[in-house]
Amino acid sequence: MPHENPTQIETLSFQQALLGWYDRYGRKNLPWKLETTPYKVWVSETMLQQTQVNTVIPYFFRFMQRFPTLESLSAANQDQVLQHWSGLGYYARARNLHRSARLIADHHAGEMPATLEQLTALPGIGRSTAGAILSLGYGKCAAILDGNVKRILSRYVNLEGWPGTAANQRLLWAISERLTPEKQAGDYNQALMDIGATVCTRTHPDCNACPLQSACTAHQLQCTDRVPASKPGSSIPVRKSWMLILRNNGDDNAFYLEKRPGAGLWGGLWVFPCFDSEADMLTWCRQRRIDISQLELLPEQRHTFTHFRLDYTPAIAWTSSLDGVQETSGCWLKAGEALAIPAPVSRLLTEITRR
DNA sequence: AACGCGGGGGG
DNA sequence: CCCCCAGCGTT
């Protein structure tokens, strides 16, 4: 890796290339760039963790409309916050954002902290998000290392191996720190992210449009298609599940949902009752005097998470009330009501209601 | 150091 | 089908 330790001249030239590119081609009209504030940067950066810009934009608008200020977010309850995150995934981000808003209200007089130490002490803010808040929100000098920066720097130094290994993470952070300019770190970081998203893409990078072309080792060696190396593959397990879509005889647009525990998968979200086997589901129904004879099984559906695959069979049943067992965490979702629900539940609700 | 955590998009 | 994406917290 020839450029692992860039000289002062190379560093300066790298910075100038990015800042010059940003003036001409940088994305300055993204929603969180307009009348930007540290709070907007924080919310957008949190939504953008492992999530692409186009996916985030509509969620950002809705979220900022409902929680326009840090104070309004800290005053909300968790259900309201999760509801506005519903469908975006990685729901711990929303729970941490909300917790941090309350911590800031209580311990920072309602003002966003502006140091790396204070920011990374808040739940949901790691080193990279803190660097983004400091540079983009406060104009301070701070490095970032997200997926875009990893890819650009990996190609710049022709990194060997997968960027996610501990050793490569350390190396990439060191390079990022060293290259970040003292002044205009915000524009510099925005340029990195914009170039990563639009020029130095994972496949088919547009090297002729890249201001780093002449400095990029991977480009010189014509191996941008093999750098960065992809994550070592590993097969993921498959789980089977049955989801009981319980409808109400008295109101055929009401559906029975249960709230998941506060942490873990879909934490705090509302889902159909889920079972590991069809027998478990039937037992649950019998205990509540639900007529199983007209239970309707739908075709199996598939939902893939990062770490396992869920093959689930939806089953529709009808009841007039849930007697027999007292329910603690259940509710009837009526038409027009909004709750925090994950994507598969949302899809099923739409599918059932439309037919 | 490895794993858990969603959902969507592109190849 | 595959891989990745403006990562972070937990173990």
Side-chain angles (χ1 to χ4, degrees), chain A residues 27 30-33 40-60 82 85-97 99-100 119-133 135-137 142-152 154 162-170 172-173 176 186 189-198 200-204 225 228-237 239 260-269 271 302-310 340-347:
Chain A
R27 292 186 290 188
L30 292 169
W32 41 92
K33 305 282 302 176
K40 284 186 193 176
V41 174
W42 178 33
V43 172
S44 64
E45 285 299 326
T46 304
M47 287 185 169
L48 286 160
Q49 288 167 10
Q50 300 295 288
T51 311
Q52 295 186 335
V53 168
N54 285 335
T55 304
V56 162
I57 287 176
Y59 285 89
F60 180 81
L82 283 176
W85 211 272
S86 181
L88 195 54
Y90 281 144
Y91 299 96
R93 294 183 295 177
R95 300 194 300 268
N96 285 332
L97 189 73
R99 266 210 296 158
S100 288
L119 285 170
T120 52
L122 293 167
I125 301 182
R127 188 172 171 186
S128 189
T129 299
I133 294 171
S135 60
L136 303 169
I144 61 173
L145 188 66
D146 58 29
N148 289 316
V149 181
K150 276 184 201 164
R151 190 169 52 254
I152 293 170
S154 295
W162 179 51
T165 67
N168 277 341
Q169 292 265 30
R170 269 196 304 279
L172 289 168
W173 265 114
S176 180
N189 282 337
Q190 190 63 49
L192 274 179
M193 295 189 285
D194 289 350
I195 289 170
T198 64
C200 191
T201 47
R202 184 167 64 95
T203 57
H204 313 305
D225 55 339
S230 57
K231 180 187 169 90
S234 59
S235 60
I236 59 174
R239 278 186 225 168
R260 308 243 331 159
L265 185 71
W266 291 337
L269 273 71
V271 298
R302 171 168 297 181
H303 185 73
T304 308
F305 296 88
T306 316
H307 50 299
F308 72 95
R309 196 181 83 200
L310 187 65
I341 52 175
V345 174
S346 175
R347 269 195 295 273

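No hydrogens, no waters, no symmetry mates; every other heavy atom, side chains included, goes into these values. The chains referred to below are lettered A, B, ... by the order of the sequence lines, with proteins before strands, and numbering in each begins at 1.
- Each of Val53(A) and Arg99(A) has a nearest nucleotide on DNA chain C; the 5'-most of these lies closest to Val53(A).
- On the C1' atoms, dC8(C) is 23 Å away from dG9(B), given to the nearest whole Å.
- In terms of the side chain to side chain contact (heavy atoms under 4.5 Å, CB included) criterion, residue partners of Thr304(A) (sequence neighbours excluded) are, by chain and number, Ile236(A), Arg302(A), Arg309(A).
- In this structure, Gln169(A) reaches neither bases nor backbone, as no heavy-atom distance under 4.0 Å exists between it and the strands shown.
- For the side-chain hydrogen bond (donor to acceptor under 3.5 Å, both in side chains) test, no residue two or more places apart in sequence or in another chain qualifies with Arg260(A).
- Taking the side-chain hydrogen bond (donor to acceptor under 3.5 Å, both in side chains) definition, one finds that Lys33(A) meets it with Gln190(A), sequence neighbours left out.
- Taking the side-chain hydrogen bond (donor to acceptor under 3.5 Å, both in side chains) definition, one finds that Ser135(A) meets it with Asn189(A), sequence neighbours left out.
- Among residues two or more places apart in sequence or in another chain, the side chain to side chain contact (heavy atoms under 4.5 Å, CB included) test is passed with Thr198(A) by Trp21(A), Arg27(A).
- With sequence neighbours excluded, the residues that form a side-chain hydrogen bond (donor to acceptor under 3.5 Å, both in side chains) with Arg127(A) are Glu177(A).
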In dot-bracket notation, what is the pairing pattern of DNA chain B, taking Watson-Crick (N1-N3 plus N6-O4 or O6-N4) and G-U wobble (N1-O2 and O6-N3) contacts under 3.5 Å, with [ ] crossing and | for other strands? |||||.|||||
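- Between Leu30(A) and Asn96(A), the residue whose closest nucleotide on DNA chain C is further toward the 5' end is Leu30(A).
- On the nucleic acid side, DNA chain C contacts chain A at distances under 4.0 Å to non-hydrogen atoms, with the end points of that region at dC1(C) to dG9(C).
- Partners of Arg239(A) according to the salt bridge (Lys or Arg N to Asp or Glu O under 4.0 Å) rule, which considers only residues two or more places apart in sequence or in another chain, do not exist here.
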Let me have a per-nucleotide readout for nucleotides 5-11 of chain B, 5' to 3', with B, S or -, counting only protein heavy atoms under 4.0 Å. BBBSS-S
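- Comparing the P positions of dA6(C) and dC3(B) gives a spacing of 24 Å, expressed to the nearest Å.
- When heavy atoms are screened at a 4.0 angstrom cut-off, Trp32(A) is found touching base atoms of the nucleic acid.
- If you check every strand for non-hydrogen atoms under 4.0 Å, Ala166(A) touches sugar and phosphate atoms only.
- With sequence neighbours excluded, the residues forming a side chain to side chain contact (heavy atoms under 4.5 Å, CB included) with Thr306(A) are Tyr90(A), listed by chain and number.
- Of the C1' atoms belonging to dC5(C) and dG6(B), the separation is 12 Å, rounded to the nearest Å.
- With hydrogens and angles disregarded, no donor-acceptor distance shorter than 3.5 Å links the side chain of Ser176(A) to the backbone of Leu145(A).
- Taking the six-membered ring where the residue is Trp, Phe308(A) and Phe305(A) present parallel rings, their angle staying beneath 30° rather than reaching 60°.
- Under the side chain to side chain contact (heavy atoms under 4.5 Å, CB included) criterion, Pro31(A) pairs with Ile57(A), Phe60(A), Phe61(A), not counting sequence neighbours.
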